[in-house]
Amino acid sequence: MIRKTDLQPIALIFDMDGVLVDSEPLHKRAKELAFREIGIVLPESVYDSYKGRPDRTMMPEVLASQGRAQDAEPLMLRKKHFYEQIEHELQPVAGAAEFVRWASRQYKLALATSATPRNRSAALKMLGIDDCFQSIVDTDRFTCSKPDPEIFQVAMRDLKLEPAQCWIVEDSIAGVGAGNAAGSFTVGITITFPREALTLAGANLVVDSFQELRERLQTV
């Protein structure tokens, strides 16, 4: 069931990590390696609670809780190093690139990602869709991380569109919260979190695949 609006969107705004590329396992492994270097082993529940949120939120908060706030900057650099060592293992989400190319012929597109410019560029190049977006927002262009809506608001300003004209495609609870806070119709895709969690977070529509999202868009 589609709730909140039955209007055809003018634009689609995508998160990248967990939506277009299945990068969460690699980011988690890189963080584990970095934390382990300084003698910190975290339970799975901590990593789960930060899914969809950037390193600059997660790592300083965790280190502050351990009384080691001063280690945040060097540890984020170590995590970056480890991630780049395993980045060749990055896999696209099934159907993502094909969907983006199809959607680019129907809608304005924006990418709103908590990835660094370097990681964002590498992922889009791997997918072959770096020319499909009218707006790209990465960590160089926003200050407040999700669930704050700033990242989506920047994308909408680029597109010169109002929130009601955009659908936001997200995989995380924090991302769905940010989409809702931005005032847009928010689609949750069940890659990182299950349907129940995305629905509870407030997603207006939950899909299991990009093919399902395409079918839904074609009926709106």
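Only heavy atoms go into these numbers, but all of them, side chains included; no hydrogens, no water, no symmetry mates. Count residues from 1 along the sequence.
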Is [Y] paired with [X] through a side-chain N to carboxylate O contact shorter than 4.0 Å?
X    : Y    : answer
K51  : D171 : no
K80  : E87  : no
K146 : D15  : yes
D131 : K125 : no

Tell me the closest heavy-atom pair linking [X] and [Y], and the distance in Å.
X    : Y    : answer
A182 : P149 : N-CB, 3.6 Å
F152 : G175 : CE1-O, 3.9 Å
D158 : R141 : OD2-NH1, 2.7 Å
A123 : V21  : CB-CG1, 4.2 Å
A201 : V176 : O-CG1, 3.7 Å
W167 : P9   : CD1-CB, 3.5 Å

List the residues meeting side chain to side chain contact (heavy atoms under 4.5 Å, CB included) with E89, not counting sequence neighbours, and say none if there are none.
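Partners of E89 under the side chain to side chain contact (heavy atoms under 4.5 Å, CB included) test: L26, R29, I86.
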Kindly write out the residues that satisfy side chain to side chain contact (heavy atoms under 4.5 Å, CB included) with P163, not counting sequence neighbours, or none if the list is empty.
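Per chain and number, P163 pairs via side chain to side chain contact (heavy atoms under 4.5 Å, CB included) with M156, S184.
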Can you hop from [X] to [Y] via hydrophobic side chains spaced under 4.5 Å?
X    : Y    : value
I10  : V220 : no
V154 : M16  : no
F82  : L90  : no
V46  : L75  : yes
I151 : M58  : no

So, the side chain of [X] versus the backbone of [Y]: is there a donor-acceptor pair under 3.5 Å, distance only?
X    : Y    : result
T219 : R216 : yes
T57  : R53  : no
E150 : T143 : yes
R101 : I129 : no

Taking the side chain as C-beta and beyond, is there a heavy-atom pair between [X] and [Y] under 4.5 Å?
X    : Y    : answer
N119 : S121 : no
F193 : S172 : yes
Q211 : F99  : no
V19  : F210 : yes
L217 : R214 : no

Can you measure from [atom1] ([X]) to [atom2] ([Y]) and round to the nearest 0.5 angstrom?
X    : Y    : atom1 : atom2 : result
Y50  : D55  : OH    : CG    : 11.5 Å
I168 : I13  : CD1   : CD1   : 5.0 Å
Q91  : D22  : CD    : CG    : 8.0 Å
L109 : L159 : CG    : CG    : 8.5 Å
L124 : L111 : CG    : CG    : 5.5 Å
C132 : F14  : SG    : CZ    : 9.0 Å

Residue among D140, D17, D138 satisfying side-chain hydrogen bond (donor to acceptor under 3.5 Å, both in side chains) with R120
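Testing R120 for a side-chain hydrogen bond (donor to acceptor under 3.5 Å, both in side chains) against D140, D17, D138 leaves exactly one candidate, D138.
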Pi-cation contact, F142 with R56 (under 6.0 Å, within 45°)
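That pair qualifies as a cation-pi contact.
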Assess whether atom CD of E162 is packed by more than 12 heavy atoms of other residues, nucleotides or ligands within 6.0 Å.
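Check fails, neighbour count at 12 or below.
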Polar side chain donor-acceptor pair, T116 to T139, under 3.5 angstrom:
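There is no such pair between these side chains.
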Can you see whether Y47 engages E32 through a side-chain donor-acceptor pair at a distance of less than 3.5 angstrom?
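There is no such pair (donor and acceptor under 3.5 Å, judged by atom type) between the side chains of Y47 and E32.
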Passes side chain to side chain contact (heavy atoms under 4.5 Å, CB included), L213 versus V187? Steps please.
CA-CA 9 Å; L213 178 56; V187 180; 4.0 Å; yes
Can you name the one residue among I189, V169, T190, L198 that meets side chain to side chain contact (heavy atoms under 4.5 Å, CB included) with V207?
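The residue from I189, V169, T190, L198 that satisfies side chain to side chain contact (heavy atoms under 4.5 Å, CB included) with V207 turns out to be I189.
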Does the plane of the ring in Y83 sit parallel, tilted or perpendicular to the ring in H27? Use 30° and 60° as the thresholds.
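Parallel.
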So V62 and M59, side chain to side chain contact (heavy atoms under 4.5 Å, CB included) or not? Walk me through it.
CA-CA 5 Å; V62 169; M59 300 185 84; 5.9 Å; no
Sequence neighbours left out, cut at 3.5 Å: what donor-acceptor pairs do the side chains of residues 33-44 make with other protein atoms?
| residue | atom | partner | partner atom | Å |
| --- | --- | --- | --- | --- |
| E37 | OE1 | R78 | NE | 2.9 |
| E37 | OE2 | R78 | NH2 | 2.7 |
| E44 | OE1 | K28 | NZ | 3.4 |
| E44 | OE2 | K28 | NZ | 3.0 |

